[in-house]
Amino acid sequence: MPELAEVEFFRKQWDPGLGQKVVTVQLHPRKRIFRGTDPRKIVESLPGRRFLRSYARGKRMLFEFTGGNWIGLHLGMTGKLRTEPAGFRPEKHDHFVLQQTRQALVFRDARLFGRVRFHQGKSEPAWWRLGGPEIASAQFDRHFLDAFLNRHSRAPIKAVVLMQDGFSGIGNWMADEILWRAGIEPSVRAGELSARHRARLLRETRFVASEALRVIGPAFADPPPDWLIHQKWKRAGVCPRHKSRLRKGTLGGRTTAWCPLCQKK
DNA sequence: ACCCCTGTTCGGCG
DNA sequence: CCGCCGAACAGGGG
């Protein structure tokens, strides 16, 4: 589920807890979402701390608490954040819950591909600094894109658009949406993209990211009806422009839909 | 029953 | 050594 805009939506679901203390932490310490971190430290450190603010970068989120306590969250395939009334009893897949006086902040993740990290220190954790530039930032420009495409010149462009170091926050549906709008056939090797296609790739990546944030970020509304996403999961999906059948295949290990009329090598 | 999956990581291999 | 690809992870839904 979660790419850039959905991540931003879920980040805000914990806003009702801002400024308030964590009373208790409920978690399942053996679950895979805690791989690489010691969940007992979270249970020991977070109670009594106030939730100060949160950040989103691509598909990653960071939650800051007083006393230099930081929680990093990644939603994986099926992670969701929500708020429940005080006294909430965690259900089967609610693996990480921060109980506050007035509400409970809940991380649910059925498939456990998501991840919870913990950091203590005055400033942000080192792993938060890593990763590619935000698509909305000035650093995501023609120069950066050229270098990234050339570094992965032998990979199909679809696989490259899914790489988080270059296309921060882009996931499978946004990648197909971008390539369809840019008129690029998804199996083309990144290094073989023409200057014209590179310019369109940059423009449409920015467009799809900003539009998705605008439409989905605040309320999880549907993208406009003429977007490819509404067609790509249908068995008989059609190109929104030509109304002809989309082609389906696997690229970069992921299901891919494209329109042979719109998208060329 | 069986197949599919909006993500990431890791081992194999060219 | 670099980098791509498929498998694995785990569970719910069609």
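Since the structure is predicted, the reported quantities are computational estimates derived from the model, not experimental observations. As a basis for the values below, the full set of heavy atoms in this structure was taken, side chains included, without hydrogen atoms, waters or symmetry mates. Letters A, B, ... mirror the listed sequences (proteins, then strands); counts begin at 1.
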### Residue whose closest nucleotide on DNA chain C lies nearer the 5' end, A:Arg151 versus A:Gly253
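The answer here is A:Arg151.
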
Gap between atoms [atom1] and [atom2], on [X] and [N] respectively (whole Å):
X: A:Arg35; N: B:dT8; atom1: CZ; atom2: P; answer: 11 Å
X: A:Ile157; N: C:dC5; atom1: CD1; atom2: P; answer: 13 Å
X: A:Phe148; N: C:dG3; atom1: CZ; atom2: C1'; answer: 12 Å
X: A:Leu251; N: C:dC4; atom1: CG; atom2: C1'; answer: 13 Å
X: A:Ile33; N: C:dG11; atom1: CD1; atom2: P; answer: 12 Å
X: A:Leu75; N: C:dG11; atom1: CG; atom2: P; answer: 18 Å
X: A:Asn150; N: C:dC2; atom1: CG; atom2: C1'; answer: 16 Å
X: A:Leu73; N: B:dT8; atom1: CG; atom2: C1'; answer: 16 Å

### Query
Where the side chain of A:Leu112 is concerned, which of C:dG11, C:dC9, B:dT8 is the nearest nucleotide?
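Comparing C:dG11, C:dC9, B:dT8 against the side chain of A:Leu112, the answer is C:dG11.
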
Protein N or O to nucleotides 12-14 of chain C N or O, pairs below 3.5 Å:
{"unit_1": "C:dG12", "atom_1": "OP1", "unit_2": "A:Lys92", "atom_2": "NZ", "d": "3.4"}
{"unit_1": "C:dG12", "atom_1": "OP1", "unit_2": "A:His93", "atom_2": "NE2", "d": "2.8"}

Donor-acceptor pair, side chain of [X] and main chain of [Y], under 3.5 angstrom:
X: A:Ser210; Y: A:Phe207; answer: yes
X: A:Glu177; Y: A:Trp227; answer: no
X: A:Asn172; Y: A:Thr255; answer: yes

### Task
Could you check whether the rings of A:Phe167 and A:Phe140 sit parallel, tilted or perpendicular, using 30° and 60° as the cut-offs?
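Correct class here is perpendicular.
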
### Query
Would you call the rings of A:Trp14 and A:Phe51 parallel, tilted or perpendicular, where under 30° means parallel and over 60° means perpendicular?
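The rings of A:Trp14 and A:Phe51 stand perpendicular, inter-plane angle above 60°.
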
### Query
According to the 5.5 Å centroid and 30° plane-angle thresholds, does A:Phe113 stack upon the nucleobase of C:dC9?
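Yes; by the centre-distance and plane-angle rule, A:Phe113 counts as stacking on C:dC9.
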
### Task
Show the numbers, then the answer: is there a salt bridge (charged side-chain N to carboxylate O under 4.0 Å, His left out) between A:Asp109 and A:Arg32?
CA-CA 10 Å; A:Asp109 186 4; A:Arg32 284 186 74 248; over 6 Å; no

### Message
Give me the stems containing DNA chain B, sorted by first residue, counting only three or more consecutive Watson-Crick or G-U pairs with both distances under 3.5 Å; say none if there aren't any.
### Response
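So the stems come out as B:2-5 with C:11-14, B:7-14 with C:2-9.
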
Using a cut-off of less than 4.0 Å, is there contact between a side-chain N or O of [X] and OP1 or OP2 of [N]?
X: A:Arg254; N: B:dC5; answer: no
X: A:His74; N: B:dG7; answer: no
X: A:Lys59; N: B:dT8; answer: yes
X: A:Thr78; N: B:dG7; answer: no

Short N-O contact, [X] and [Y], less than 4.0 angstrom:
X: A:Lys265; Y: A:Glu185; result: yes
X: A:Glu44; Y: A:Lys41; result: no
X: A:Lys158; Y: A:Asp176; result: yes

### Task
Determine the contact category for A:Arg115: base if any of its heavy atoms lies under 4.0 Å from a base atom, sugar-phosphate if only primed atoms, P, OP1 or OP2 are that close, otherwise nothing.
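Nothing: the residue A:Arg115, judged by heavy atoms under 4.0 Å, touches no strand.
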
### Query
What distance separates A:Lys31 NZ from A:His93 NE2, expressed to the nearest 0.5 Å?
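The distance works out to 8.5 Å.
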
### Message
Measuring only the C1' atom in each nucleotide, how far is B:dT6 from C:dC4? A whole number of Å is fine.
### Response
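These two C1' atoms come out 22 Å apart once rounded.
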
